[in-house]
Amino acid sequence: MVQLQGRQQIIKGIFIIVILIFLLKLFYIQVINSKYKYSAQNNAIRFEAQQAARGLIYDRNGELLVSNIASYDLMVIPKEVTPLDTLKLCRLTGLDIEEFRRELQEATIYSKYKESVFSKQLNTAYAHKIQESLNEFNGFYVRVNTTRDYPINAAAHAIGYLGEVDEEKVKQKYYTKGDLEGKTGIESSYELQLRGEKGMKMILVDAHNTSQGSFNNGTHDTLAIHGKNITTTLDIHLQKYGEMLMQNKIGSIVVIEPSSGEILTLVTSPNYNPNYMRGRDRSKHYSNLFNNTNKPLFNRALNGTYPPASPLKLVNSLIALQEGKLDKNQSYFCDGSFEYGNNKHVRCHEHNPYVNLTTSLATSCNPYFCNLWEEYFNSFNSIYEGYEIWKKHVESFGFGNYLGNDFTSGTKGFIPDSEYYDRYYKKNRWKSSTIISMSIGQGELLVTPIQMANLSATIANRGYYITPHIIKKIEKDTIPKKFLKKTYTSISPTHYETVIDGMELALTHEDGTAILSKVEGLNICGKTGTAQNPHGEDHSIFIAFAPKDNPKIAIAVYVENGGWGSSWAAPISTLIIEKYLKGGTSNKRLENQMINGNLLKIK
């Protein structure tokens, strides 16, 4: 009995201790710890992702190309949305009823519990009014963000633009619905470096959706990390000059520093104001640009494909020299035409009829290179053997591949293989004369302007190139090693001087095709080209580098529907070369002619 009473006393004591613990805990919660007091007053914690400011973008001389300005996004957490004045919210955001319903539905499909962007880049005044009325819009809040600003209206295609991430990116941990990422240009290529790292903020809000400040004095918050700043290889003043020369024309300019592979200028024309691709009117601007018949969104410098035309004569000369199929001093008589096949002809323009390798390059003599083509292939046991060797040499110049540059878009061009001709003409049914148009850069071979600029840089370097690239420096990081590596062609350096002499004569010889574009005091080496265009006027082409010794600049210019290479591409090229090397231009008449020329009228 005594033992039973003892047990009862122990049990009573335990109950008393438990009750005291609960009373003390209740006192602590209600009086001492304000964290629970917040909960008792119907407060809630809202997790707000803190967007990182994107890194800034500069040109090679430190001039700011892309900066950030404050913007405001209206965010929504669908599960917390309650009945609201829809018309009022639409009025404040600039949305119509259908857009409101669609945005809310898409946010709900994405996640009822996660935040997503409901309306991007609000007008500042509207954002402040929404913030003042948040008690009327449960589930909505305004997030302070940044958007891009472009202080210089230039280089839109090179810089690129931002766009909303797709569903695949949303599945990744970093991005959420409504986030922006680089879609083209540098913004896309260096997205990981530019975007930075998000932070997270815990915000206390009351029952009226009004912020009560940071939870627990921000103890649990994480700060966003600013994206890395990037210095590009662009010379923005040269870029603007190139864009001015190409206004009212369709085509592109690519300028490379041969010794480094750095892209000094990347012009695509027509272009657009980069500020069109930001803000509330972005969709409207994008639609207008997309539907423009001249395709200003299309990056012709990277994606445009054209016949190489006469500049391919430089490569064919080097291949023939390398294979020992050409005597550079041997003269050829040009009577204005090369006859082949069943009374077919390749025509030539008027020039001194006696030409050797250098003067044939200067005058761009078609019969000389048709004859060279035939002699080259006749020296092999079969067309297949000669063509395979020729093709491998051509590929060593970077044709037929993407070059490995640091742009996410591009076209590799096209070099037909022997199987291509077998399918078209049947096996063993084609020969050198069947594809003789390739001897002068016409036919099936297709190249891009950046590949042609790389060809110019390769010849300037006497046989090697460094992968063209637009990144010069990344804050607290290094650029990829491949942009420091030399890639050698299959042609011996000893053969380049003869070809370069011919390029020099193109601007100095009395019959030189680019004689009218000569610049006094500058030793420019170049090659004109006229690419046949089945859809209209031929395309004007010119590649060049300068000075002849220790070259500082290499260039390729394509002007669609421009006719002869000497008409538009050559003068534009030499004006840019002079501008870069001398800081100004001497032929103002020619400069004004190029600037004011309007080829958009030619259809």
Side-chain angles (χ1 to χ4, degrees), residues 305-326 332 334-349 355 357 360-361 364-401 411-448 451-452 455 489-491 499 527-535 538-539 541 543 565:
T305 54
Y306 310 85
S310 290
L312 190 66
K313 294 171 182 176
L314 302 168
V315 178
N316 286 339
S317 301
L318 289 166
I319 293 172
L321 288 169
Q322 179 68 27
E323 294 299 320
K325 313 298 183 183
L326 171 62
Y332 175 87
C334 172
D335 61 2
S337 176
F338 180 84
E339 185 176 347
Y340 69 100
N342 187 16
N343 199 30
K344 296 178 181 178
H345 297 268
V346 175
R347 304 294 179 185
C348 195
H349 57 278
V355 291
L357 177 57
S360 67
L361 288 170
S364 201
C365 176
N366 286 337
Y368 179 92
F369 288 95
C370 290
N371 184 69
L372 173 62
W373 184 261
E374 293 280 65
E375 289 187 355
Y376 168 82
F377 280 102
N378 289 338
S379 68
F380 291 97
N381 294 322
S382 70
I383 183 69
Y384 294 96
E385 180 187 2
Y387 189 80
E388 188 61 28
I389 291 172
W390 176 87
K391 180 173 178 287
K392 286 183 178 179
H393 282 307
V394 172
E395 289 173 335
S396 76
F397 285 85
F399 294 118
N401 68 60
T411 302
K412 65 179 183 179
F414 179 65
I415 304 177
D417 52 24
S418 56
E419 287 79 9
Y420 173 90
Y421 292 115
D422 283 346
R423 290 191 299 271
Y424 196 82
Y425 297 107
K426 305 301 181 184
K427 192 171 180 63
N428 295 317
R429 298 294 297 273
W430 58 282
K431 52 187 178 179
S432 59
S433 61
T434 311
I435 57 171
I436 200 162
S437 58
M438 299 271 272
S439 68
I440 57 173
Q442 303 296 159
E444 295 77 18
L445 182 65
L446 294 174
V447 299
T448 62
Q451 288 173 339
M452 292 297 279
L455 169 62
T489 69
S490 55
I491 308 298
V499 169
K527 182 72 194 77
T528 56
T530 305
Q532 294 175 2
N533 175 25
H535 308 293
D538 292 342
H539 303 320
I541 304 168
I543 71 169

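Please read these numbers as outputs of a predicted model, since none were measured by experiment.
Distance CG/Leu372 to SG/Cys365: 11.0 Å, rounded to 0.5 Å. In this structure, CD1 on Ile491 lies 8.5 Å from CG on Leu321, to the nearest 0.5 angstrom. Note: Tyr421 OH to Tyr387 OH = 4.0 Å, rounded to the nearest 0.5 Å. Interatomic distance, CG of Asn366 versus CD of Gln442, reported as 8.5 Å (0.5 Å rounding). Put simply, CG on Leu326 and CD1 on Ile319 are 11.5 Å apart, with the number rounded to the nearest 0.5 Å.
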When you look at Met438 and Glu444, which way does the side chain to side chain contact (heavy atoms under 4.5 Å, CB included) test go after all the steps? CA-CA 8 Å; Met438 299 271 272; Glu444 295 77 18; 4.1 Å; yes

Would you sort out whether Thr305 and Phe414 count as a side chain to side chain contact (heavy atoms under 4.5 Å, CB included), showing the intermediate values? CA-CA 9 Å; Thr305 54; Phe414 179 65; over 6 Å; no

Let me see the working for Tyr368 and Lys313 under side chain to side chain contact (heavy atoms under 4.5 Å, CB included), right down to the final yes or no. CA-CA 10 Å; Tyr368 179 92; Lys313 294 171 182 176; over 6 Å; no

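Considering only heavy atoms from C-beta on, Leu446 comes within 4.5 Å of Pro307 through its side chain. A 4.5 Å side-chain heavy-atom check between Asp422 and Tyr384 finds at least one atom pair inside the cut-off. At a threshold of 4.5 Å between non-hydrogen side-chain atoms, the residues Ser310 and Thr528 do not count as touching. With a 4.5 Å cut-off on side-chain heavy atoms, Ile436 and Phe338 count as touching.
Considering Glu419, Lys426, Lys427 in turn, Glu419 is the only one that fulfils the side-chain contact (heavy atoms from CB on, under 4.5 Å) rule with Arg423.
In terms of heavy atoms, Ile541 sits closest to Pro308 at CD1-O, 4.1 Å.
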Under 3.5 Å, which donor-acceptor pairs do the side chains of residues 388-399 form with other protein atoms, sequence neighbours left out?
{"unit_1": "Trp390", "atom_1": "NE1", "unit_2": "Asn316", "atom_2": "OD1", "d": "2.8"}
{"unit_1": "Lys391", "atom_1": "NZ", "unit_2": "Glu395", "atom_2": "OE2", "d": "2.6"}
{"unit_1": "His393", "atom_1": "ND1", "unit_2": "Ser490", "atom_2": "OG", "d": "2.5"}
{"unit_1": "His393", "atom_1": "NE2", "unit_2": "Glu323", "atom_2": "OE2", "d": "2.7"}
{"unit_1": "Ser396", "atom_1": "OG", "unit_2": "His393", "atom_2": "O", "d": "2.6"}
{"unit_1": "Ser396", "atom_1": "OG", "unit_2": "Ser490", "atom_2": "N", "d": "3.1"}
{"unit_1": "Ser396", "atom_1": "OG", "unit_2": "Ser490", "atom_2": "OG", "d": "3.1"}

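Under the 6.0 Å cut-off for aromatic ring centres, Phe369 and Trp373 do not qualify, their centroids lying 6.0 Å or more apart.
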